[in-house]
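Note that the structure is predicted; figures quoted are calculated from it, not measured. A, B, ... follow the sequence lines: proteins, then strands. Residue 1 opens every chain.
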Amino acid sequence: MYVTTAIPYVNGRPHIGHVMDYLLADVWARWQKQKNGGELDLRFSAGTDEHGNKNAQKAREQGMEPQEFADNMSAEFVKLVDRLNVGHTDFVRTTDVRHVATVQKIWQKLADAKSPDGQRLIYKGSYEGWYCEGCEGFVTEKEAEENGFVCPDHKKPLVKLKEENYFLRASAFSERIREAIESGEMQIVPEFRAKEFLNLIRDGLADVSVTRPRRSLSWGVPVPGDEEQVIYVWIDALANYLTAIGYPDSGNWADFWPADLQVIGKDILRFHAGIWPAILLGLDLPLPRRFLVHGYVTIGGEKMSKSIGNVVDPFEIIDRFGVDALRYYFLRHIPTFDDGDFTWEKFEAAYNGELANDLGNLVSRVAKMCEKYNFSPRPSSQISAPRGRCSPNLSSQVGANSPSAVACRMPLGPDFAQKMDALRFSDAVDWVWGEIQKLNRLVDERKPWVLAKDEGKLDELHGVLRELCEGLMLFGKMLAPFLPETSAKVLSIFGTDGVKYSGEILFPKKYMKD
RNA sequence: CGCGGGGUAGAGCAGCCUGGUAGCUCGUGUGGCUCAUAACCACAAGGUCGUUGGUUCAAAUCCAACCCCCGCAACCA
């Protein structure tokens, strides 16, 4: 099983726009693991895209060598992934020696390959476009027009420039790729993104220039056999997905390709659904099974940008509220398929109102009642024998009818599982939260504190508590992919033989004004 | 006529496919409860469901036209 995340360009520090990729991929990976009873041979790649003029330029501005600058930035992203509690297994830097080698090998294979119609897959051509001499790079037609054909950074007029470089004959695979998308062989989720892309290529894929002359792109992987040309971002960056698993001649990469899920942002769908499949087909490799395309995070309805000065630092959120709080907000309140909005006010409201009041408080009140009313799980004849996939140590160490064992064999429910399998993660959390609210309601309806006053109602009292514990175990388990730390705490409180509560407040109330 | 998404209570959203008392969360007001993190629960107020017209016994839901917002429109990682 193989899941990938897009590799961010490291010309700036990580911001909250970067976290979606990692979190969505992580949720899926944890869900898959859970479905397989904890046993899963999983590879999970992340990385950083480090070549290119913009990075080199940024480095120069700060008086650094490009590599030194990239080292610093890449380290920040490694730190982010770790602090997000994302379980990646591989991290590819495009400046890694092994990656450079992979890119060159891929290049060589593509250069040797023929397209289905018998033509060379890589050919020399010329690319013409609007060019900024300050940026040392091309800009899109649209971008050029929007800025009045003047570079906004350098205030210099753009010039039409024509360059010699190598092209990838992506056009030869137009039909093949269209079919793969339409048939679901290469699924794009959500579907409207697939439609968007199909519409874009209705006249066929265009060939794409995949190199730059050395004089205009100094920092990159040289084209094997042509020192005058440097491999441009497309092949360099996309190849990271293959580097991670050791393609073409190390490790057991064939066990992990095609990728099961590639998580990307909406801005890079076209590269992943067009150029990337063309490269793969050129290499005679199968296409990825599924893409999850997420949207953008806005700040108070506005696009996040340095010029507006509204960039939010994910580390700050984690420092103040903890990693699960961050995961919770971005996974539930940023819709999985659409753009979503972040403000500190909204974040605080979700933290206090949902994590602290709904879930945290429920855990406290149920745990305390269990202690106070001496509830310890007892065999109950109504509960059937354990079956299904449970981690063996959990079900064997504790009584067959303890809440943990019960929760363990409880199916996660079709409502929840369907949403998860359809990658509708934010809907899945919504659903779980509805169930958590029902448990709070149950407490008020059954009033255990009243039952406790009547000795004749001991069975009823314990019945209610059992129901609550089982519910918390079940929903705790469902939350595992989203809130790993919290889930583990809930499962350990209600999952031991007898409820063991240290009195820890799961989500202490927090206000920004403090 | 480029393609697509959307316009539903103060805010954020669901409902629309498969027409029939307009629902959820937050916020506001009132009440209840005491197991709990001043938490929890109940009730209430609040909506011409973008506009206009059509089909129908009945339209947020189907059809047509129009208005407004937002993505996409291939070398922006």
task: Kindly write out the residues that satisfy side chain to side chain contact (heavy atoms under 4.5 Å, CB included) with A:Lys266, not counting sequence neighbours, or none if the list is empty.
output: A:Arg193, A:Val293, A:Tyr296, A:Asp339

message: Once side chain to side chain donor-acceptor pair (under 3.5 Å) is applied, do any residues pair with A:Thr48, and if so which ones, sequence neighbours excluded?
response: A:Glu50, A:Ser74

Under 4.0 angstrom between A:Lys509 side-chain N/O and B:A38 OP1 or OP2: no

message: If the condition is ring pair (Phe, Tyr, Trp, His ring centres under 6.0 Å), which residues does A:Phe138 pass it with, not counting sequence neighbours?
response: A:Tyr127, A:Tyr131

query: So what does A:Ala206 hit on the nucleic acid, given a heavy-atom distance under 4.0 Å: a base, only sugar-phosphate, or nothing?
result: base

task: With pairs defined as Watson-Crick or G-U wobble and both distances under 3.5 angstrom, please note down RNA chain B as a dot-bracket string, | for pairing with another strand.
output: .(((((((.[[[[.)....(..]]]].(((((.......))))).....[[[[[..)....]]]]])))))).....

- prompt: Among all residues two or more places apart in sequence or in another chain, which pass the side chain to side chain donor-acceptor pair (under 3.5 Å) test with A:Asp71?
  reply: A:Gln67, A:Arg93

- line: Under a 4.0 Å heavy-atom criterion, the protein footprint on nucleotides 8-16 of chain B, written with B, S and -, is ---------

- line: Whether each nucleotide of nucleotides 24-36 of chain B has a protein heavy atom under 4.0 Å at its base (B), only at its sugar-phosphate (S) or at neither (-) is summarised, 5' to 3', as --------BSSBB

task: Using the test side chain to side chain donor-acceptor pair (under 3.5 Å), find all partners of A:Asn72 that sit at least two apart in sequence or belong to another chain.
output: none

- prompt: Is the A:His18 ring parallel, tilted or perpendicular to the A:Phe77 ring (thresholds 30°, 60°)?
  reply: perpendicular

- request: Using side chain to side chain donor-acceptor pair (under 3.5 Å) as the criterion, list what pairs up with A:Asp96, not counting sequence neighbours.
  value: none

Distances under 3.5 Å between protein N/O atoms and the N/O atoms of nucleotides 68-72 of chain B, please, pair by pair.
| unit_1 | atom_1 | unit_2 | atom_2 | d |
| --- | --- | --- | --- | --- |
| B:C72 | O3' | A:Arg270 | NH2 | 2.7 |

field: Summary of salt bridge (Lys or Arg N to Asp or Glu O under 4.0 Å) pairs that have at least one residue in residues 271-281 of chain A, sequence neighbours excluded
entry: none

query: Between A:Tyr329 and A:Phe347, what is the ring plane arrangement, given parallel below 30°, perpendicular above 60°, and tilted in between?
result: tilted

message: Between A:Tyr511 and B:A38, is there a contact of a side-chain N or O with OP1 or OP2 at under 4.0 Å?
response: no

query: Partners of A:Tyr351 by ring pair (Phe, Tyr, Trp, His ring centres under 6.0 Å), sequence neighbours excluded?
result: A:Phe321, A:Phe507

